[in-house]
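Lettering of chains follows the sequences in order, A, B, ..., and the numbering in each one begins at 1.
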Protein chains: 2
Amino acid sequence: MNIELSENYSFEEYRSLFYRILDEKKLNKTSERFHILRAIYDTDGHFTVNTLYNKLKSKKYQVSKTTIYNTLSLLESFYLIEKHNFGGSCAQYEKCDTSTSHDHIIIIDTDEIIEFKNEKLNLLIKEIEDTYKLKVARRAFTLFCHKK
Amino acid sequence: MNIELSENYSFEEYRSLFYRILDEKKLNKTSERFHILRAIYDTDGHFTVNTLYNKLKSKKYQVSKTTIYNTLSLLESFYLIEKHNFGGSCAQYEKCDTSTSHDHIIIIDTDEIIEFKNEKLNLLIKEIEDTYKLKVARRAFTLFCHKK
DNA sequence: GTTCGTGCAAACATTTTGCAGCGTG
DNA sequence: CACGCTGCAAAATGTTTGCACGAAC
């Protein structure tokens, strides 16, 4: 099975991948799961459980928070979203395509989140993997900054 | 006022710095605050609110969790400790001297935390500061790894 | 004596769990 | 029809808040 998403994937592609994973794992393809996936796809940047809950409610596709938590766990385990602990009161998520990775700068004064990529950092992490004989499963690189 | 701690500072040095900051800010020098500071000094590596609560209780210096939360906030604002959100159920803290900084590798299989320093990373962060015209107030760089 | 801090209990917020009933396959 | 999923309510957890009493200065 092709488990990669292209760089600017459509909802159909995202949905199809989710569908095929559910199928393979013999999990139910419920309408709630696809409504949640749609809400995620339509969200730019980071979101929380409440973001999705409110968005779905306002679109008359209300689902319980329990189900949102469940679905987000599933999606995380399938690498269709990423979970971040930036330190606020609740976890933040973002959709991801598996072909790219990026890190975060948080502007403290405004709570703005900037995403950035840095190839030197990727190389550095490879070096660290070799030095310590480790395989990095997930990295968290976040700079909390003030504007100069 | 000298606000730096030397590399292998004694408790007396740590305590004295805390004392002087409290003095300057006209905050009370309560016995609870110094008991908590002692417990932190005596802890190697990372700790949580509960770590300190239990440690103090077992030494017959019981203080309330409210006071521990208060004191940890104070110490964090004075840069005498650092707070981390690694993503577990609660925040982790560690004491710090202001002259050094390091990052973390978490071994997923064992929950072991390895501290490491990398000078290339420090340089890279300086470059990022320049590129984006930012001043980094705090950084979080953590690699979640499996052993190879 | 005034201000500040402590500690209790309650409030709060996020997340997890138990379970009855329903939907998917 | 068997099993998995949803959603409600309750529990669990970590953290914050309000307040009365006591300690620091």
When rounded to whole Å, the CD to P distance for the pair A:Glu24 and C:dG25 reads 16 Å

Salt bridge (Lys or Arg N to Asp or Glu O under 4.0 Å) filter on B:Glu129, not counting sequence neighbours, yields B:Lys135

ask   = Do any side-chain nitrogens or oxygens of B:Ser89 fall under 4.0 Å of OP1 or OP2 in D:dT13?
value = no

From CG of A:Leu72 across to C1' of D:dC5 the rounded distance in Å is 15 Å

Across all chains, not counting sequence neighbours, the ring pair (Phe, Tyr, Trp, His ring centres under 6.0 Å) partners of B:His46 are B:His84, B:Phe86, B:His104

Per-helix bend value, the helix from C:dG1-D:dC25 to C:dG25-D:dC1, C1' rotation axes over five pairs per end, 10° rounding, shows 30°

For nucleotides 4-8 of chain C, which of its nitrogen or oxygen atoms have a protein nitrogen or oxygen under 3.5 Å away, and what is each distance?
unit_1 : atom_1 : unit_2  : atom_2 : d
C:dG5  : OP1    : B:Arg33 : NH1    : 3.0
C:dG5  : OP1    : B:Arg33 : NH2    : 2.9
C:dT6  : OP1    : B:Thr30 : OG1    : 2.8
C:dT6  : O3'    : B:Glu32 : OE2    : 3.4
C:dG7  : OP2    : B:Ser64 : N      : 3.0
C:dG7  : OP2    : B:Ser64 : OG     : 3.2
C:dG7  : OP2    : B:Thr67 : OG1    : 2.9
C:dC8  : N4     : B:Thr66 : OG1    : 3.2

So do A:Ile105 and B:Ile128 actually touch side chain to side chain, heavy atoms under 4.5 Å? yes

Sorted by chain and residue number, the ring pair (Phe, Tyr, Trp, His ring centres under 6.0 Å) partners of A:Tyr69 (sequence neighbours excluded) come out as none

From OH of B:Tyr69 across to C1' of C:dA11 the rounded distance in Å is 14 Å

Separation of D:dG4 atom P from A:Lys25 atom NZ, nearest Å, is 15 Å

Nearest heavy-atom approach of B:Arg138 to B:Lys83 is NH1-O, 3.8 Å

Sorted by chain and residue number, the side chain to side chain donor-acceptor pair (under 3.5 Å) partners of A:Asp103 (sequence neighbours excluded) come out as A:Arg139

For residues 48-59 of chain A, the salt bridge (charged side-chain N to carboxylate O under 4.0 Å, His left out) pairs (sequence neighbours left out) are A:Asp42-A:Lys59

What side-chain donor-acceptor pairs closer than 3.5 Å can you find for residues 28-37 of chain A, not counting sequence neighbours?
unit_1  : atom_1 : unit_2  : atom_2 : d
A:Lys29 : NZ     : A:Asp23 : OD1    : 2.9
A:Thr30 : OG1    : A:Arg33 : N      : 3.3
A:Arg33 : NH1    : A:Asn28 : O      : 2.8

note: A:Tyr93, atom OH; C:dT14, atom P; distance rounded to Å ~ 12 Å

From CG of B:Leu22 across to C1' of C:dT3 the rounded distance in Å is 15 Å

Atom CZ of B:Phe86 and atom P of D:dG14 are separated, to the nearest Å, by 17 Å

Separation of D:dG14 atom P from B:Leu52 atom CG, nearest Å, is 14 Å

With sequence neighbours left out, the residues meeting side chain to side chain contact (heavy atoms under 4.5 Å, CB included) with B:Lys25 are B:Ile21, B:Leu27, B:Phe78

